[in-house]
Asker: 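What follows is a structure written as structure tokens; I'll ask about it next.
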Amino acid sequence: MTTGFVTHENLEVWIEARNLISKIYRASKKFPKEEMYELTNQIRRGAISVPSNIAEGSGRNTTKDKLQFFYISRGSLFELKTQMFVALDFNFITEKGKNDLKSTLNFVKSF
């Protein structure tokens, strides 16, 4: 029996946020080893935070609670954008790599 209930797993924004994680992991895999516990860790945790907070917000009962987690997710996107520029500034990613990540970030942020 289906209830028509939409879960976070059916949300396009959650699906795209998961794609963002894959892109971040692929890009950060090329970062210098000495960044493993610094920028690499930070950028990966930020990427994971985006769909995680979308999922948690989707499971909340009140609109106020839902919005709080969606705003946290959006904040993580802004952090990721900054970290992406840091990676570019230190030549850990290319301009093309930055633009690819930025387009995905902007797409997720547009929801």
Asker: Determine whether the side chains of S103 and N106 contain a donor N or O and an acceptor N or O closer than 3.5 Å.
Answerer: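 There is no such pair between these side chains.
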Asker: Between L88 and E95, which heavy-atom pair has the shortest distance, and what is it?
Answerer: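 Reported closest heavy-atom pair: CD2-OE1, 3.5 Å.
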Asker: H8 vs W14 aromatic rings, parallel, tilted or perpendicular, using cut-offs 30° and 60°?
Answerer: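 Plane angle over 60°, so perpendicular.
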Asker: Got a second to check how far L67's CG is from R74's CZ, nearest 0.5 Å?
Answerer: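 Atom-to-atom, L67:CG and R74:CZ are 12.0 Å apart.
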Asker: What distance separates E38 CD from T40 OG1, expressed to the nearest 0.5 Å?
Answerer: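 Between E38 CD and T40 OG1, I get 9.0 Å after rounding to 0.5 Å.
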Asker: Check the hydrophobic clustering (I, L, V, M, F, W, Y; side-chain heavy atoms under 4.5 Å; chains of links allowed) and say if Y25 and V50 are grouped together.
Answerer: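 Per the 4.5 Å side-chain linkage, Y25 and V50 are not co-clustered.
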Asker: How far apart are the closest heavy atoms of I48 and P51, and which atoms are they?
Answerer: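 I48 and P51 have their closest heavy atoms at O-CD, 3.4 Å.
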Asker: Within this structure, what is the NZ-NZ distance for the pair K102 and K109, rounded to the nearest 0.5 Å?
Answerer: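 The distance works out to 8.5 Å.
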Asker: Please report the closest heavy-atom contact between I43 and Q83, naming both atoms and the distance.
Answerer: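 Residues I43 and Q83, closest heavy atoms: CA-OE1, 3.3 Å.
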Asker: Considering non-hydrogen atoms only, spot the tightest contact between D65 and R60 and give its length.
Answerer: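 Between these two residues, the closest heavy atoms are CB-CB, 3.6 Å.
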Asker: Where do F78 and L105 land on the side chain to side chain contact (heavy atoms under 4.5 Å, CB included) test, with the steps shown first?
Answerer: CA-CA 9 Å; F78 282 97; L105 281 167; over 6 Å; no
Asker: Please determine whether side chain to side chain contact (heavy atoms under 4.5 Å, CB included) holds for the pair F85 and K81, giving the CA-CA distance in whole Å, both sets of side-chain angles, and the decisive distance to 0.1 Å.
Answerer: CA-CA 6 Å; F85 278 102; K81 194 171 185 181; 4.1 Å; yes
Asker: With a 3.5 Å distance limit and no angle check, can you tell me whether S73 reaches the backbone of F69 through a side-chain donor-acceptor pair?
Answerer: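 The answer is no, because no donor-acceptor pair under 3.5 Å joins these two groups.
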Asker: Under 4.5 Å between any side-chain heavy atoms of I72 and Q68, yes or no?
Answerer: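 SC-SC contact between I72 and Q68 confirmed.
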Asker: Same hydrophobic cluster for I21 and I15, using side-chain heavy-atom links shorter than 4.5 Å among ILVMFWY?
Answerer: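 No, I21 does not connect to I15 through the hydrophobic network.
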Asker: Can you tell me if N10 uses its side chain to pair, donor with acceptor, with the backbone of T7 under 3.5 Å?
Answerer: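 Present.
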Asker: Atom CG in L80, atom NZ in K23: separation rounded to 0.5 Å?
Answerer: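 L80 atom CG to K23 atom NZ measures 13.0 Å (nearest 0.5 Å).
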Asker: Rounded to the nearest 0.5 Å, what separates atom CG in L11 from atom OG in S58?
Answerer: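 Here the rounded value is 5.0 Å.
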Asker: Any chain of hydrophobic side-chain contacts (each under 4.5 Å) joining F90 to F31?
Answerer: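 Result: yes, single cluster for both.
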Asker: Kindly compute the distance separating CE (M84) from CG (L101), expressed to the nearest 0.5 Å.
Answerer: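 Rounded to the nearest 0.5 Å, the CE-CG separation comes out at 6.5 Å.
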Asker: What are the two closest non-hydrogen atoms of K66 and N61, and how far apart are they?
Answerer: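 The answer is CE-O, 4.4 Å.
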Asker: List the steps and the verdict of side chain to side chain contact (heavy atoms under 4.5 Å, CB included) for R44 and K29.
Answerer: CA-CA 10 Å; R44 287 178 174 185; K29 190 174 188 176; 4.1 Å; yes
Asker: Treat each ILVMFWY residue as a node, draw an edge where side-chain heavy atoms are under 4.5 Å apart, and state whether I24 and V13 are in one component.
Answerer: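 Yes, it is one cluster - the side chains of I24 and V13 are joined through contacts under 4.5 Å.
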Asker: Taking all heavy atoms of F70 and all of I54, pick out the closest pair and write down the distance.
Answerer: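 Smallest interatomic distance, heavy atoms only, reads CE2-O, 3.4 Å.
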